[in-house]
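Just below is one structure, and these are the notes that go with it.
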Amino acid sequence: MHEARPVQRNWLRQAVFPLLIAAVLVVGALLVCGSSLIRIEDVYINRILAGTYGVPDWRVQEMNPLLAQFLTLLYRLIPSVNWYGVLLLALVWLSSACVISLAARKRGGLIPVAIVISPIAVLLTHSLQSTVVAALCVVAGVFSLMEGVRRKGEGRARLITGILLFVVGAMFSLPLACVLTLGAILCWLPSCVRDKRVKSLAVGVPVMAVLLAALFGYSSLMYASPELSAYRSQYQRYDQLQHSNLVDEYDDLLARYGVSLLSPSHEDHDHAEEEAHEETPETAGTFALAGWSLNDVDLFFGRFASDTALLEPASLETLAAETDYISTDMGRLFQSLLDTVQKPQFLLLIALLILTALATLLTSRRRGLVALLAALIAFGGHIVLLMCHYDAFSAIAPFYLLGILVLIYHFDGESALEWTHNLLRSRKLRTGVSAAVLVCFLACLGGFSYYLYANPANTEYAEGVYTYLTTYVRDHPDMLFIGDNPNDRYKPDTLAVPQRGADENLLAGSYDLYSPRAAAQMERFGITNPLADCVDREDIGYINMAFYQPMAYRLFEAYGVNVNLEPLLEDPLLYGEAIYAIRSYSSEEYDAALAEQEAQEALEAEAMQALEEILEEAAHAAEEGTGEEAAGGEDASSTAAPVESEPSPEAEPTDAGDA
């Protein structure tokens, strides 16, 4: 009986309490501030898996086919549950509990680590991003797996948990999992010999390597067909070019020329803009090699182009051959770093990294090298990604999470308790400080939750636009809709269930422009190029959520077609976004319309000039009338009887002006 109590207490501290704490954090965040899929790739993946674009389909980018096939099976069996959102929330819960449990393996580590993990769990629950959740899973899985190997039979549960989290996290992004695993192993090395963890390293590393190789092999096998292989390679090249020195070159062109949104009507009559546009291809640098104008570049970086000729493999290969993916411009790098660290999410992770590093250094011996490696990985990963033109939180946050979790794993709770007792010898003092820390923590967590709640992912305007556009799309299932995708504007709730087949007639933008689903849709409507083949089609609509001039000018510049947009909605200006039918017109029709417009402008100018003359005459007459009344008043005061005189001709318009 006496020997069972420590075992029971360890089980409660290392298993039950971490699960309960993580559950309270995730559920509390859901109830207080909600949860949304923030990353646009997650929105597309979720909708494709759930069958929004027809039927559940496992052929998505980034995710391993094994996990995608499992999710599509769940969506087919029980479509009333958003399994993608449930999976992400479950991973946040299990990963957070695993990290807390790792720190609680020594007495005194439970509460401090729970305090550090709380804001991370709340942030990830509110703004779900698969890459960040996957990073949390992979790193927690690495340390849990290594700890389970080291403890033999006692660590069987940790070993199974570590393998599960590691595999699922790697299924979301295999390249990210490989990089994070190498970083975790590097931070494991300093304490490997001293803490007798050589066996963990010798056994754990091969196990993880085998798991990663198996996932890579299965993915390669499933995407071995020419169709799927081309789909993946084309999108990867397209996405890589979005993160290259082409971005800087595009920004320089915009700063020099402005955005070249020239409609056909402007080209003939605004010679200044025409000359600027004609000069652009000669100075476009890399883009000139692909034969792109600034307008084409604007469409490319807008990521909503439906012109397949603009994204043909030959053009992308030409650009890729002349493109640099690493920038060493210190001015740009410093500005990008300043822009990112000003965001609350980055400030939170940086603060937690510094806090855990100080706690590890102050309470643990011989952990300086571990803290240094963790800081180098976090800040170094941040800088390297900025050099590679990645500034999104979803890309940078995984490296900060790696640094924080490394420090948490090496945190010595027993040494921290001893250090605290020596610093605060009085029990009353310890109690008072603990209470103050707890109050500050609850206040900070409450303020953080309120901040997230007060800054929802969707505004009322975004929800209105999304409902306004998608309602029309779903009411016309026999039409194909291209252009801007409403899903780019709207961030759905994590647990909201996508309606199967709701967006079957909507191309999912640049994300799956090369996908088999998009190819099937274009074959169904008998088109090869959505933008070029949509003109004068009754069964194709163009969704506009920004400016349509780049699209219109692309049609004129590349295909010699003058187009006009015919609204398909009753009130297309309700939100400023609309759905149009694209209609072409001949040069004669254009000349007639232009002549009519010029005649109308001339009539308006004549009317305005006539109105101004009338107003000037009326004002002049009113001034003269006022002067005569004043003069008449003076005469009346000087003579007893009024003197009759003939009315002045200038006085007559006064009545007309008054009238």
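All values below were derived from every heavy atom in this structure, side-chain atoms included, with hydrogens, water molecules and symmetry-related copies excluded.
- A donor and an acceptor atom, one from each side chain of S36 and H126, are nowhere located under 3.5 Å apart.
- If you run side-chain contact (heavy atoms from CB on, under 4.5 Å) between L49 and each of L67, D57, V60, L74, only V60 comes through.
- Side chains of S130 and R39: a donor on one and an acceptor on the other come within 3.5 Å.
- The minimum heavy-atom distance linking G162 with S144 is given by the pair N-OG, 3.5 Å.
- Qualifying ring-ring contact (aromatic ring centres under 6.0 Å, His included) partners for F216, counting only residues two or more places apart in sequence or in other chains: none.
- At a threshold of 4.5 Å between non-hydrogen side-chain atoms, the residues T161 and L94 do not count as touching.
- Shown here are the salt bridge (charged side-chain N to carboxylate O under 4.0 Å, His left out) partners of D503, two or more places apart in sequence or in another chain: R47, R474.
- When each of T470, V473, I482 is paired with I543, the side-chain contact (heavy atoms from CB on, under 4.5 Å) condition holds for V473 and for no other.
- With no hydrogens or angles considered, a side-chain donor-acceptor pair links E147 and Y409 at under 3.5 Å.
- With a 4.5 Å cut-off on side-chain heavy atoms, F301 and V247 count as touching.
- A 4.5 Å side-chain heavy-atom check between Y542 and C534 finds every atom pair outside the cut-off.
- By the 4.5 Å heavy-atom criterion applied to side chains, L211 and I163 are counted as neighbours.
- A heavy-atom distance below 4.5 Å is not found between the side chains of V133 and F172.
- Nearest heavy-atom pair, A552 versus V563, reported as atom, atom and distance to 0.1 Å: CB-CG2, 3.9 Å.
- Q234 and R237 form a side-chain donor-acceptor contact under 3.5 Å, judged by distance and modelled atom types alone.
- Smallest separation of non-hydrogen atoms from D478 and F525: O-CE2, 3.5 Å.
- Of the N and O atoms on the side chains of Y75 and N46, at least one donor lies less than 3.5 Å from an acceptor on the other residue.
- Taking a 6.0 Å sphere around CZ of F70, one finds it holds 12 or fewer heavy atoms contributed by other residues, nucleotides or ligands.
- Nearest approach of I404 to L349, heavy atoms of both residues: CD1-O, 3.7 Å.
- The distance from atom OG of S127 to atom CG of L37, rounded to the nearest 0.5 Å, is 10.0 Å.
- Annotation: side-chain contact (heavy atoms from CB on, under 4.5 Å) contacts of V497 (sequence neighbours excluded): N82.
- The closest side-chain donor-acceptor pair between Q242 and Y390, if any, does not fall under 3.5 angstrom.
- For residues 534-551, the pairs satisfying salt bridge (charged side-chain N to carboxylate O under 4.0 Å, His left out) are R537-D539, E538-R583, with sequence neighbours left out.
- In terms of heavy atoms, H476 sits closest to N505 at O-ND2, 2.7 Å.
- Minimum interatomic distance between L402 and G183 (heavy atoms only, all atoms of both residues): CD2-CA, 4.1 Å.
- No donor-acceptor contact under 3.5 angstrom links the side chains of S336 and D391, judged on distance only.
- Atom CG in L165 sits 4.5 Å away from atom OG in S95 (nearest 0.5 Å).
- Remark: D533 pairs with no residue by the salt bridge (charged side-chain N to carboxylate O under 4.0 Å, His left out) rule, at least two apart or across chains.
- Applying side-chain contact (heavy atoms from CB on, under 4.5 Å) to S96 and the options L136, I120, T125 leaves one that passes, L136.
- Partners of L77 according to the side-chain contact (heavy atoms from CB on, under 4.5 Å) rule, which considers only residues two or more places apart in sequence or in another chain, are L73.
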